[in-house]
Undergrad: 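Just dropping this structure here.
Counting begins at 1 with the first residue of the sequence.
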Amino acid sequence: QVQLVESGGGSVQAGGSLRLSCLISGFTNSNECLGWFRQAPGKEREGVGILYRGEVAAYSADSVKGRFTISRDKANNTLYLQMSQLKPDDTAVYYCAARHTSVLRSCANSAAPFTYWGQGTQVTVSS
């Protein structure tokens, strides 16, 4: 059974930093496509960053480029999202997600459906 469990959310002031973690279990890491998504109140869910095979940054939203970094620790079965220079607009519930694909271009498509999702973690940035 695949499980994704996010942690690390919280409240922070604008300009601050947070690191989100997603502990992944039961998911075979061959051709893995792992992503972070977020959903703000009243808005649609959007892709933040996607990582292909644990190494290739397949997608990064323009709104977070230069501020957020996605990374993978295969030894600890964890996906990370390092967030810095946080803004109030970054306030949202953040989700990690996973699927398999053998095609980088497919993994890079943030609109493509992901198979597995975590329960989400709240990030609140105050001005």
Undergrad: Tell me whether Asp62 is salt-bridged to Lys65, with the criterion being a basic N under 4.0 Å from an acidic carboxylate O.
TA: yes

Undergrad: As a quick check of understanding, evaluate side chain to side chain contact (heavy atoms under 4.5 Å, CB included) for Val2 and Thr115, giving each step before the final call.
TA: CA-CA 10 Å; Val2 177; Thr115 310; over 6 Å; no

Undergrad: I need the minimum non-hydrogen distance between Glu6 and Tyr94, along with the two atoms involved.
TA: OE2-O, 4.0 Å

Undergrad: Considering only NZ, NE, NH1 and NH2 on the basic side and carboxylate oxygens on the acidic side, decide whether Arg72 and Glu55 come within less than 4.0 Å.
TA: no

Undergrad: Gln82 and Leu18: which non-hydrogen atoms are nearest, and at how many Å?
TA: NE2-O, 3.6 Å

Undergrad: Answer yes or no: is there a side-chain heavy-atom contact under 4.5 Å between Arg53 and Asn31?
TA: yes

Undergrad: Any pair with a residue in residues 33-65 that passes disulfide (SG to SG under 2.5 Å), sequence neighbours left out, goes on the list, sorted by first then second residue, please.
TA: Cys33-Cys107

Undergrad: Please find the pair of heavy atoms, one from Ile70 and one from Gly35, that lie closest to each other, and give the distance.
TA: CD1-CA, 4.4 Å

Undergrad: Report the distance from atom OH of Tyr116 to atom NE2 of His100, rounding to the nearest 0.5 Å.
TA: 7.0 Å

Undergrad: Linking directly or through intermediates, with side-chain heavy atoms under 4.5 Å: list the remaining ILVMFWY members grouped with Tyr59, chain and number order.
TA: Phe37, Ile50, Val93, Tyr95, Phe114, Trp117

Undergrad: Do you know which two heavy atoms are closest between Val64 and Val48, and how far apart they sit?
TA: CG2-O, 3.7 Å

Undergrad: Tell me, do Gln122 and Thr91 make a side-chain contact under 4.5 Å, heavy atoms counted?
TA: yes

Undergrad: Quick one: closest heavy-atom pair of Ser106 and Ala112, and the distance?
TA: O-CB, 4.4 Å

Undergrad: If you compare all heavy atoms of Gly9 against all heavy atoms of Leu20, which two are closest, and at what distance to 0.1 Å?
TA: N-CD2, 3.6 Å

